[in-house]
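What you see below is based on every heavy atom in this structure, not just the backbone, and it leaves out hydrogens, waters and symmetry mates. Below, chain A is the first sequence line, B the second, and so on; all start at residue 1.
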2 protein chains.
Amino acid sequence: MRYHRSDVVERAVAVLDEYGLESLTMRRLASELGVQPSALYHHVPNKQSLLAAVADEILQRGSRPRRAERWDRRVIEICGELRDAMLAYRDGAEVVVTAHTFGLGAREPAAALRSALADGGLPEDLVDVGTRAILHLVFGHTVEEQTAMQAASAGAIDRNPGGAADFEQGLHLLLDGLRARVSAA
Amino acid sequence: MRYHRSDVVERAVAVLDEYGLESLTMRRLASELGVQPSALYHHVPNKQSLLAAVADEILQRGSRPRRAERWDRRVIEICGELRDAMLAYRDGAEVVVTAHTFGLGAREPAAALRSALADGGLPEDLVDVGTRAILHLVFGHTVEEQTAMQAASAGAIDRNPGGAADFEQGLHLLLDGLRARVSAA
DNA sequence: ACCTGAACACCGTTCAAGT
DNA sequence: ACCTGAACACCGTTCAAGT
């Protein structure tokens, strides 16, 4: 059986979703494909870049058409899509956030937010600050939400970090600040 | 030589700061203390809780007296202290954020923010949402800032995520949203 | 081009035994 | 109470050799 890079990435997503990030090892993935661990290094330079590819695959699978016209509605749309995409796979938020932190993959959401804020007429430095702030909010909220969900389904009834409603409420706090800067410009 | 838990935690902080998180292994820490790896398990139940203790130690070492009176100035003060504390040690942000995510240690900053927002007269649900939003902003920004700093000092001149100025600007966006809700109450 | 087999240099954790 | 010695069950990655 001969594989391509896309087969490896797709199987990695499946292993992640079924067994979790801590079980997504090169050796485990190799045995899942019926291949020696060393064979994976023909398709991927190392584990880090495999995880980046997994992050991009998760985001791409969750992508939806853009419908909103107003810049602030578009921000909400992008953030909702991003949250849903990450929540759709076990440990999806952790994987996407880590990839973004190390600057490998997961670049699309930042670009989409940037252009929405730019369309809103914000000055360039505020586009930068705003994009990062929104992204940090979405990432932080979603990692916490997913961790709590998975902890709850594994037994312990921890604190709940709020779902979609709290997510949107936090986002609106930030959007208020940004809107105030648009009208002031 | 006989050690106590505090010796182990303090040495762990030193190893973290000097060699980074990826080198902070139980085996490495043991050899640094001149002891067998198994000896560490007399002072700490596992690696995860050692890292939580390291996170708390980092935060405690960076703690400063509270001076601000107004609730919103106090939020800025708390966030600045938190950022400085994490930046003071190599990979400090990563360690503190991970501990917080898994609900082990790093609880003090959330409590301090909660009480500041409550003093501001915000309704209870907004205290929750606001605390988490602020924390996510600070954590996200600081991890990104520290990662970029360390990547830069290791060679690659990456994108810079802004320092203290961008940090405060992002925080002010959120505070504007919160202040608007205070006056509306 | 893709894979095997074998190795290298590591991990976290447990547990009987010592003092 | 604190530590040793030895083991268990793993890791990511490299590299010569095969087809």
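Listed by first and then second residue, the salt bridge (charged side-chain N to carboxylate O under 4.0 Å, His left out) pairs involving residues 6-23 of chain A amount to none (not counting sequence neighbours). Judged as a salt bridge (charged side-chain N to carboxylate O under 4.0 Å, His left out), the pairs with a partner in residues 31-43 of chain B (not counting sequence neighbours) are, in order, Arg28(B)-Glu32(B). For residues 84-97 of chain B, the pairs satisfying salt bridge (charged side-chain N to carboxylate O under 4.0 Å, His left out) are Arg64(B)-Asp84(B), with sequence neighbours left out.
Mapping Gly34(A) and Leu24(B) onto DNA chain C via the closest heavy atom, the residue that lands nearer the 5' end is Gly34(A). Each of Ala39(A) and Ser23(A) has a nearest nucleotide on DNA chain D; the 5'-most of these lies closest to Ser23(A).
Legend: residues meeting side-chain contact (heavy atoms from CB on, under 4.5 Å) with Arg73(B), ordered by chain and number and at least two apart, are Ala68(B), Arg70(B), Ile76(B). Under the side-chain contact (heavy atoms from CB on, under 4.5 Å) criterion, Ala52(B) pairs with Leu104(B), not counting sequence neighbours. Scanning for side-chain contact (heavy atoms from CB on, under 4.5 Å) contacts around Tyr41(A) gives Met26(A), with sequence neighbours left out. Partners of Arg27(A) by side-chain contact (heavy atoms from CB on, under 4.5 Å), not counting sequence neighbours, listed by chain and number: Thr25(A), Pro37(A).
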- Message: Run Glu69(B) and Arg74(B) through salt bridge (charged side-chain N to carboxylate O under 4.0 Å, His left out) and show every step you take.
- Response: CA-CA 7 Å; Glu69(B) 308 242 336; Arg74(B) 203 149 97 243; over 6 Å; no
- Message: Apply side chain to side chain contact (heavy atoms under 4.5 Å, CB included) to residues Arg66(B) and Ile78(B) and explain how you reach the verdict.
- Response: CA-CA 8 Å; Arg66(B) 297 274 129 82; Ile78(B) 293 165; 3.8 Å; yes
Could you list the donor-acceptor pairs under 3.5 angstrom formed between side-chain atoms of residues 108-115 of chain A and any protein atom two or more places apart in sequence or on another chain?
{"residue": "Arg114(A)", "atom": "NH2", "partner": "Asp128(A)", "partner atom": "OD1", "Å": "2.1"}
{"residue": "Ser115(A)", "atom": "OG", "partner": "Ala112(A)", "partner atom": "O", "Å": "3.4"}

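Where DNA chain D meets chain B (any atom under 4.0 Å from a heavy atom), the bounding nucleotides read 5' to 3' are dC2(D) to dA7(D).
Counting heavy atoms from C-beta on, the side chains of Leu21(B) and Val95(B) come closer than 4.5 Å. Proximity of Glu81(A) to Glu77(A): side-chain heavy atoms (C-beta onward) are nowhere separated by under 4.5 Å.
Heavy-atom distances under 4.0 Å link DNA chain D to Asn46(A), Lys47(A) of residues 42-57 of chain A, given in residue order. Using a 4.0 Å cut-off on heavy atoms, none of the residues of residues 2-19 of chain A approach DNA chain D.
Helical stems of DNA chain C (runs of at least 3 Watson-Crick or G-U pairs, donor-acceptor distances under 3.5 Å) are listed by first residue: C:4-8 with D:12-16, C:12-16 with D:4-8.
As rounded to the nearest Å, dC10(D) and dA9(C) have P atoms that lie 22 Å from one another.
Of the N and O atoms on the side chains of His100(B) and Glu144(A), not one donor lies less than 3.5 Å from an acceptor on the other residue.
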